Structures are given as C-alpha cells and as structure tokens.
Amino acid sequence: MAREITLRRKIINTSMAWLVGFIIFLPILWIAVLSFKTEGDAIKTPIEVLTSAWVLESYAVVQERSDYFKHFTNSIIIALGSTLLGLLLAVPAAWAMAFVPSKNTRGILMWMLSTKMLPAVGVLYPIYLLFIKLGLLDSRIGLVVVLMLINLPIIIWMLYTYFREIPGEILEAARMDGAGLRAELLYVLTPMALPGIASTLLLNVILAWNEAFWTLNLTAAKAAPLTAFIASYSSPEGLFYAKLSAASMMAITPILIMGWFSQKQLVRGMTFGAVK
C-alpha cells in the first residue's frame, strides 16, 4: 500500500513538473512557430496559424535587412566581457567578505543587493550624459562596464555564498605552507569553488545577453547587440509578428543551446555546498 502511494505521488509530481515546464516553454514554442509563417498567416487564429504553410520567408528578410553576425558578435563580446570583468572584481571582494569578515560585512552585502532595487530609468540620464562626455556612447566598452556594474552585486553575493561553504582551515593550511594571497586565490580557493564560479559565470552571461534597457538606450548601430536587433522589428507602423519572431529566435537560440548543454554544471553550481 505504501509503495503504491509513493508511486502515485511520483507520477503526480512528475506530471506536474512536465506541465509547469510546458507552460514555461509554450511562449518560446509559439514564437518558433510564428517565425516560420508569413505576416498574413501570423495574425490569424492559433488553429489557422498551425495549419498554414511553413515558410522561411521571415528568416530570409531578416538576414537581408540586418547584419545578424555583427549583432551576435557584439552580444558575445558584451556578455562575456562584462561577466569576466565582474568575476575579476568579485572574487577578491567575496573572498574578503567570506574569510576576513568585519562587523559591517552583512550591511555592505545588503546595501549592494539593495542597489538592484533601484529603477534603472532613475539613473539613465546621468549615465547617458557621462557616456557622452567620456565618448563611450554606442561602444562595446561602455556596455561592458555598465552591465558589469549592474550584475556585480549578484556575482559577489553568489560567490560569497559559495566561498562560505569552504572550510577556512584549508586556506590557513595553505598560508602555513607559504602560499601568498595570489596563490591562495588561484590554486586553492578557485579550484575548490569552481562549480560555484562556473554557475555564476553562466548565470551572468545569460543576464547580460538578455539585458535590453541599457543596450537600447546606450547604443545605436556600432555596438548594438541582439536585443537591439530584435527591437528593430517594432516600428511606428506596427509589429511585424513573423519577422519579429524570426529575429527573436535568431537571438535566443545561441543562449538556449548554451543553457541546454551547461544545465548540469549550472545545477551543480547552484546546489554547491547544499549538502555537507
């Protein structure tokens, strides 16, 4: 009897998980379907959309109108650049807070996290003027710096959580063996926290890749990433649903593939230190 109840619960839980997963994935699936339709078919009822002809017209038009690979290259450079620069600053900061804490460490961490609650539009104007003065408007370097600063609190918080799970005695032993700060960070701490660092890197690449507010307001043509590439298919004349869907699929497919192949590493990093 108990075995039957356990099996029934397992079936229900699995079914619910698949249902929730399907609901989350449904918008992406529908965008994929619309991307293979003409503009006329894309605005029809769902049944008519599914039964209409499947064509590559929207992808062809998007390729002709826009330089996809330029936007793709910008997205790669901006996402990886901001994440790697953030890690370079966050690893020493998280190390100091985890292993050399002060009475203000908790307050500093909460203050950093509170900056994520600040509406981005509230600081857009001063940052825009600053970018004009520094010549960083519509530049990859400018976006790398901005996105790094935006995501830095998350990077520090995540690394701080992972570092706290590492016994401090291991680092003390390394110091007794003559390891300096650089050797301690590179050869002791980093290998032990590698799953956490990897998941932090992956998550922040995704956040930077998906960032739209700053990329749309601080770029025009030269440094525009894929988020600007998608937005270019919304015009005063209206939305071009099929072309917008095709552009969206071309923008999200690389990050979906990356997330699919790295999901094991991401989950491993997210649960790093959960069970001792």
Side-chain angles (χ1 to χ4, degrees), residues 15-80 82 119-121 124 138 140 143 146-147 150 202-263 266:
S15 301
M16 289 299 296
W18 276 102
L19 178 61
V20 171
F22 177 75
I23 292 172
I24 293 172
F25 184 70
L26 186 59
I28 299 175
L29 180 62
W30 189 245
I31 290 173
V33 170
L34 291 181
S35 69
F36 291 100
K37 304 297 178 178
T38 63
E39 290 296 342
D41 291 335
I43 59 175
K44 294 179 179 179
T45 63
I47 298 299
E48 291 175 321
V49 169
L50 292 174
T51 56
S52 61
W54 294 67
V55 295
L56 293 172
E57 176 186 324
S58 297
Y59 287 96
V61 173
V62 167
Q63 288 280 25
E64 291 173 3
R65 274 188 51 182
S66 307
D67 189 349
Y68 170 78
F69 290 102
K70 174 187 171 184
H71 293 88
F72 176 77
T73 302
N74 287 339
S75 286
I76 289 285
I77 293 173
I78 292 166
L80 287 179
S82 61
V121 70
L124 173 61
D138 196 19
R140 293 169 177 171
L143 279 179
V146 166
L147 296 187
I150 290 172
L202 292 170
L203 179 61
N204 281 273
V205 165
I206 293 171
L207 291 175
W209 189 280
N210 294 334
E211 176 59 43
F213 179 82
W214 293 105
T215 56
L216 292 178
N217 284 287
L218 298 178
T219 62
K222 291 192 298 182
L226 286 171
T227 46
F229 168 74
I230 297 173
S232 66
Y233 289 91
S234 173
S235 69
E237 290 78 19
L239 287 173
F240 299 96
Y241 289 105
K243 296 179 184 64
L244 183 63
S245 298
S248 298
M249 288 307 300
M250 293 171 70
I252 68 175
T253 298
I255 206 70
L256 284 176
I257 294 172
M258 188 197 79
W260 176 265
F261 283 105
S262 60
Q263 59 180 319
L266 188 60

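Numbers here are sequence positions counted from 1. What you see is a predicted model, and the numbers here were worked out from it, not measured in a lab.
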Going through the checks in order, is the side-chain contact (heavy atoms from CB on, under 4.5 Å) test met by Val205 and Met258? CA-CA 10 Å; Val205 165; Met258 188 197 79; 4.1 Å; yes

[atom1]/[X] to [atom2]/[Y] distance, rounded to the nearest 0.5 angstrom?
{"X": "Ser35", "Y": "Trp54", "atom1": "OG", "atom2": "CH2", "result": "8.0 Å"}
{"X": "Ile206", "Y": "Glu211", "atom1": "CD1", "atom2": "CD", "result": "14.0 Å"}
{"X": "Ile24", "Y": "Leu19", "atom1": "CD1", "atom2": "CG", "result": "10.0 Å"}
{"X": "Arg140", "Y": "Ile77", "atom1": "CZ", "atom2": "CD1", "result": "3.5 Å"}
{"X": "Arg65", "Y": "Lys243", "atom1": "CZ", "atom2": "NZ", "result": "7.5 Å"}
{"X": "Ile257", "Y": "Ile252", "atom1": "CD1", "atom2": "CD1", "result": "10.5 Å"}

Closest contact, heavy atoms only, [X] versus [Y]:
{"X": "Pro254", "Y": "Ala251", "value": "CD-O, 3.5 Å"}
{"X": "Asp138", "Y": "Ala223", "value": "OD1-N, 3.1 Å"}
{"X": "Ser58", "Y": "Lys37", "value": "OG-O, 3.2 Å"}
{"X": "Ser248", "Y": "Ile31", "value": "CB-CG2, 4.1 Å"}
{"X": "Ile28", "Y": "Met249", "value": "O-SD, 4.2 Å"}
{"X": "Ala221", "Y": "Lys70", "value": "O-NZ, 3.1 Å"}

Do the ring planes of Phe36 and Tyr59 sit parallel (below 30°), tilted (30 to 60°) or perpendicular (above 60°)? tilted

Tell me whether the rings of Phe72 and Phe69 are parallel (<30°), tilted (30 to 60°) or perpendicular (>60°).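 Aromatic pair Phe72/Phe69 classed perpendicular.
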
For Ile47, look at atom CD1 and say whether over 12 heavy atoms of other residues, nucleotides or ligands are found less than 6.0 Å away.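 No, not enclosed.
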
Around atom CD1 of Ile43, are there more than 12 heavy atoms from other residues, nucleotides or ligands closer than 6.0 Å? no

Could you tell me if the side chain of [Y] sits less than 4.5 Å from the side chain of [X], heavy atoms only?
{"X": "Thr219", "Y": "Trp214", "value": "no"}
{"X": "Leu226", "Y": "Tyr68", "value": "yes"}
{"X": "Asp41", "Y": "Val49", "value": "no"}
{"X": "Lys44", "Y": "Thr51", "value": "no"}

Evaluate the criterion side-chain contact (heavy atoms from CB on, under 4.5 Å) for residue pair Leu143 and Asn74; output intermediate values, then yes/no. CA-CA 10 Å; Leu143 279 179; Asn74 287 339; over 6 Å; no

Pick one: which of Leu218, Leu124, Ile150 meets side chain to side chain contact (heavy atoms under 4.5 Å, CB included) with Phe213? Leu124

By salt bridge (charged side-chain N to carboxylate O under 4.0 Å, His left out), Lys222 pairs with (sequence neighbours left out) none

Walk me through it: do Ile78 and Trp209 pass the test side-chain contact (heavy atoms from CB on, under 4.5 Å)? CA-CA 8 Å; Ile78 292 166; Trp209 189 280; over 6 Å; no

Which is it for Thr227 and Asn210 under the side-chain contact (heavy atoms from CB on, under 4.5 Å) test, yes or no, and what are the steps along the way? CA-CA 7 Å; Thr227 46; Asn210 294 334; 5.7 Å; no

